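Taking it in order: structure first as structure tokens, then the write-up.
Below, chain A is the first sequence line, B the second, and so on; all start at residue 1. Note that the structure is a prediction, hence the values are computed from the model and not measured.
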Amino acid sequence: MTEETKAESLDFIREMVAADMKNGTFGGKVVTRFPPEPNGYLHIGHAKAICLDYGVAAENNGVCYLRMDDTNPTKEDTEYVESIVRDVEWLGFPVGDRLTFASDCFEKMVECAEKLIETGKAYVCDLSAEAWEEYRGTLSAPGRESPNRNRPAAESLDLFRRMRAGEFEDGALVLRAKIDMASPNINMRDPVIYRIRRVHHFRHGDKWCIYPMYDYAHPLEDAFEGVTHSFCTLEFEIHRPLYDWVLDNLGFAFPNRPRQTEFSRLNLTGTVMSKRKLLRLVKENFVQGWDDPRMPTISGMRRRGIPAEAIHRLCKTVGITKFDGVTDLALLEFCTREVLNRDASRYLAVLDPLKVVIANFPEEGVEPLDAVNNPEKPEAGSRKLPFSRTLYIERSDFMLEPPKGYFRLSPGAEVRLRYGYFIKCNEVVKDAAGNVVEVRCTFDPATRGGAAPDGRKVKGTIHWVAADAAVRAEVRLYDRLFTTEEPGTESEDFVTELNPDSLRVIEGFVEPALAEIPAGTAVQFERLGYFAADLDTCTDRPVFNRTVALKDSWSKKQ
RNA sequence: AACCCCGUGGUGUAACGGUAGCACAACUGGUUUUGGUCCAGUUAGUCUAGGUUCGAAUCCUGGCGGGGUUGCCA
């Protein structure tokens, strides 16, 4: 064994799976599942679970199902199913025929429920939801037994079948597991496992009027699919005894008994992650949709230009633990820059133009210059870049009175135009208010391409576009959605913490090569950041979403 | 308040009774036709009090701090 082959450390889940494989707990198999409820779009937090579920399966030659946990049709919809499949596939995981629906198992779940009733483990209860509050007890006081608790099995079975047949009003009866009303874990105090709810199901229409509760349905879904390792987030930790109770009382035993393991969800600074809150941002038009580039959704990040690989890298870096922390958004930005620095072609763009006239350059004509597409990736080739007498440069790349350490353009200073020539500023034109509106320069023809044959150096290299050839583009700059690091922690009314400047739309100039760039393409505008071409049918101009700004040590110093 | 889970630099994560390491962030410096990249370096950590042990981030007990649970949501 050489040093390079030194094993990477495993997270606690992968260690557990490795031990299971070694001990043959599940007969040497690994089956996992990613089980979203189709009531919203997937976000970056789900990506962590997806990477874990699919990752552990793949590492052990197992399979992973994408299961729609559609046991409560009130908020579920096919739109969400479709978006979830799209997002999982975009992340690079196969779905295909491994797409399943919990609701397809409803018949088997009813059979199991009847078995629980027959063995005295479940009973039909007529206590209203309000009445139950009193019976349930509190966190510190035990509950009381329902008067229906000892209803004969035959009677419960009959009532349960009539519940299913639609003989009762919504909420009139429920089926409860008979466990322990004195348990310190409230989930074990005779939890509801079936309720009557006449709601149209997006997949089964009005076939069902009883729906199973999560705590009862989930372990069965896992068991029916042959899942071995059922990973979920920390808030389900306290539900695990019930998960186990369902399986134990229906006779599931290893190696055919799934096991639940919890890990901490992903939190990112400056955003919210709960579907309820994200839904509100969409419904109340605080953002333009689930795929708004400011959203922490997978689709939003895709549109923002964040590559799937960056999300993988983030998930790998944050790892899997039970510590409930908050990951700095800077880590996602780092992962994004890392991938984009390698892959994105470089282009020139000017967002806040200042006119530059090259006095000694011919009035007419355009000179095509060679520009390398990506210095990190020679195989990306090069392109032609038009140069002319009138140019635009970034307003911030010129200063009348430059502070110490500023090495861009200023009166008397010489800088390099990227891929172009050295230019020197000779004259400044101001308007009546004293604002600089034009800079007059001379260029050195010997420095074509950006190198001086006499070996003289310039410290600054600035970007530019030829005024006549440049293309108008809409550039969208995004900032964090919220002003606070952890929005919503202080007040439930988290929308009061929304950042009013989270979207800035700018009319800028880009070089002509970008006129017809395909949507989704990631590019770097030198010195400005990474951008993703957007397909926005509301505008006839190319649109760019800024994925992430470049690191900028100069402006940070100021 | 009862029960469960979790506490390692500012942040995220390693070390599985034997040298506290990595990454991000921050800060220096070097290279550079992007103030990007790349390279080198600096700052900074085991919540706390006991106990077990030759030896504790790791095991035990108490305290403190954080999170979760009182849906006929998932």
Side-chain angles (χ1 to χ4, degrees), chain A residues 8-12 15 35-37 39 69-72 74-76 125 127-129 132-133 136-143 170-171 173-176 183-187 189 191-197 211 213-215 217-218 232-241 262 264 266 269 275-276 314 316-335 337-338 341-342 346 348 372 375-376 405-408 416-420 422 447 449-452 457-463 524-530 549-557:
Chain A
E8 282 183 56
S9 62
L10 300 179
D11 57 63
F12 79 99
E15 272 185 15
E37 183 185 14
N39 65 349
D69 206 4
D70 54 349
T71 57
N72 179 11
T74 34
K75 294 172 292 178
E76 298 162 1
C125 180
L127 253 28
S128 68
W132 181 253
E133 270 182 47
R136 184 196 51 217
T138 67
L139 287 174
S140 48
D170 284 14
L173 296 175
V174 293
L175 182 67
R176 292 186 181 282
S183 172
N185 181 351
I186 295 191
N187 293 293
R189 315 233 265 236
V192 170
I193 59 179
Y194 267 95
R195 75 280 212 187
I196 304 171
R197 180 167 291 185
Y211 290 95
M213 298 288 291
Y214 168 88
D215 283 319
H218 207 85
C232 63
T233 45
L234 249 26
E235 68 270 26
F236 293 103
E237 210 160 27
I238 200 142
H239 295 246
R240 178 150 35 93
E262 310 84 13
S264 62
L266 174 67
T269 55
K275 272 197 225 172
R276 201 189 85 250
L314 175 77
K316 190 173 179 187
T317 306
V318 299
I320 299 293
T321 65
K322 298 182 83 139
F323 178 69
D324 188 22
V326 184
T327 297
D328 196 328
L329 190 65
L331 192 56
L332 205 216
E333 294 180 344
F334 168 77
C335 293
R337 288 194 195 99
E338 210 179 13
N341 178 57
R342 184 195 64 198
R346 274 65 167 168
L348 297 182
V372 174
E376 307 289 323
Y406 183 86
F407 43 83
R408 279 115 93 177
R416 170 168 38 235
L417 293 174
R418 178 86 160 132
Y419 310 116
F422 284 15
T447 58
K457 303 271 185 200
V458 290
K459 288 213 80 171
T461 300
I462 64 178
H463 55 184
Q524 185 198 92
F525 291 163
E526 296 193 351
R527 296 260 318 282
L528 295 173
Y530 294 100
L550 251 38
K551 280 189 163 188
D552 183 355
S553 56
W554 165 255
S555 68
K556 220 180 298 178
K557 261 188 248 175

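At the heavy-atom level, Val174(A) lies under 4.0 Å from base atoms of the strands shown. Pro375(A) comes within 4.0 angstrom of a nucleotide base, judged by non-hydrogen atoms across all strands. Tyr211(A) comes within 4.0 angstrom of no nucleic acid atom, judged by non-hydrogen atoms across all strands. Contact annotation for Leu331(A): backbone-only contact, meaning every heavy-atom pair under 4.0 Å involves sugar-phosphate atoms and none involves a base. Counting non-hydrogen atoms under 4.0 angstrom, Gly460(A) reaches nothing in the nucleic acid. Within 4.0 Å of Tyr194(A), counting heavy atoms only, lies no atom of the nucleic acid at all. When heavy atoms are screened at a 4.0 angstrom cut-off, His463(A) is found touching no nucleic acid atom at all. Nucleic acid contact class of Ile186(A) (heavy atoms, under 4.0 Å, all strands): sugar-phosphate only. Within the 4.0 angstrom heavy-atom criterion, only backbone atoms of the sugar-phosphate kind lie near Val326(A); the bases stay farther away. Counting non-hydrogen atoms under 4.0 angstrom, Glu376(A) reaches a base of the nucleic acid. If you check every strand for non-hydrogen atoms under 4.0 Å, Leu348(A) touches nothing.
Nucleotide G68(B) holds its P atom 15 Å from the CD atom of Glu262(A), rounded to whole Å. When rounded to the nearest whole Å, the span between CD of Glu526(A) and P of G35(B) equals 8 Å. Atom CZ in Phe323(A) sits about 10 Å away from atom C1' in U11(B), given to the nearest Å. If you take CD of Glu338(A) and P of G36(B), they are 16 Å apart, rounded to a whole angstrom. A straight line from CZ of Phe334(A) to P of C22(B) spans 15 Å, rounded to a whole angstrom. Here U70(B) presents its C1' atom at 4 Å from CG of Leu139(A), a figure rounded to the nearest Å. Here the C1' atom of nucleotide U37(B) and the CZ atom of Arg527(A) are 14 Å apart, to the nearest Å. The separation between Trp554(A) atom CH2 and G36(B) atom C1' is 16 Å, rounded to whole Å.
Between C27(B) and C60(B), the two C1' atoms lie 42 Å apart (nearest whole Å). Across the P atoms, A57(B) and C47(B) are found 10 Å apart, a figure rounded to whole Å. Across A74(B) and G68(B), the matching C1' atoms stand 15 Å from one another, rounded to whole Å. The gap from the P atom of U52(B) to that of A25(B) amounts to 45 Å, rounded to the nearest Å. G9(B) and A2(B) are spaced 29 Å apart, taking the P atom of each and rounding to whole Å. Separation of the C1' atoms belonging to U48(B) and A40(B) is 39 Å when rounded to the nearest angstrom.
Between the base of G71(B) and the side chain of Glu133(A) there is no donor-acceptor pair shorter than 3.5 Å. Counting distance only, with no hydrogens placed and no angle test, the side-chain atoms of Gln524(A) and the base atoms of U34(B) include a donor-acceptor pair under 3.5 Å. Taking only distance into account, the side chain of Arg408(A) meets the base of G35(B) through a donor-acceptor pair shorter than 3.5 Å.
Phosphate contact (OP1/OP2 of A25(B), side-chain N/O of Lys551(A), threshold under 4.0 Å): present. In terms of phosphate contacts, Arg195(A) brings a side-chain nitrogen or oxygen within less than 4.0 Å of OP1 or OP2 of A74(B). Checking the phosphate oxygens (OP1, OP2) of A74(B), a side-chain nitrogen or oxygen of Thr71(A) falls inside 4.0 Å. At C24(B), none of the side-chain N or O atoms of Thr317(A) fall inside 4.0 Å of OP1 or OP2 (strictly under the cut-off). At least one side-chain nitrogen or oxygen of Lys556(A) sits closer than 4.0 Å to the OP1 or OP2 atom of A26(B). Using a 4.0 Å cut-off, some side-chain N or O of Thr321(A) falls inside it from OP1 or OP2 of U13(B). Phosphate proximity of C73(B) to Arg197(A): present, with a side-chain N or O under 4.0 Å from OP1 or OP2. Phosphate contact (OP1/OP2 of U70(B), side-chain N/O of Arg136(A), threshold under 4.0 Å): absent.
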Applying side-chain contact (heavy atoms from CB on, under 4.5 Å) to Thr447(A) and Val458(A), what does each step give before you reach the verdict? CA-CA 11 Å; Thr447(A) 58; Val458(A) 290; over 6 Å; no
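Side chains of Ser183(A) and Asn185(A): no donor on one and acceptor on the other come within 3.5 Å.
Residues Ser140(A) and Gly325(A) each lie close to RNA chain B; by heavy-atom proximity, the contact nearer the 5' end of the strand is made by Ser140(A). Both Phe407(A) and Ala141(A) sit near RNA chain B, but only Ala141(A) has its closest nucleotide nearer the 5' end.
Applying the Watson-Crick and G-U wobble criteria (two distances, each under 3.5 Å), A23(B) pairs with U11(B). Across all strands shown, G45(B) has no partner, as no Watson-Crick or G-U wobble contact with both distances under 3.5 Å is found. Base pairing of A2(B): its partner is U69(B), meeting the Watson-Crick or G-U wobble criterion (both donor-acceptor distances under 3.5 Å).
The shortest side-chain heavy-atom distance between Thr317(A) and Phe334(A) does not fall under the 4.5 Å cut-off. Within the 4.5 Å cutoff, the side chain of Ile462(A) has heavy atoms near those of the Leu417(A) side chain. Side-chain atoms of Thr71(A) and Met213(A), non-hydrogen and from C-beta on, never get closer than 4.5 Å to each other. With contacts defined as side-chain heavy-atom distances shorter than 4.5 Å, the pair Glu235(A)/Asp324(A) does not qualify. At least one side-chain heavy atom of Arg408(A) sits less than 4.5 Å from a side-chain heavy atom of Arg527(A).
Under the 90° criterion around 0 for the glycosidic angle, G71(B) counts as syn.
Of the residues Glu526(A), Arg346(A), His463(A), the one that meets the side-chain hydrogen bond (donor to acceptor under 3.5 Å, both in side chains) test with Tyr419(A) is Glu526(A).
A salt bridge links Lys322(A) with Glu237(A): the closest approach of a Lys/Arg side-chain nitrogen to an acidic carboxylate oxygen falls below 4.0 angstrom.
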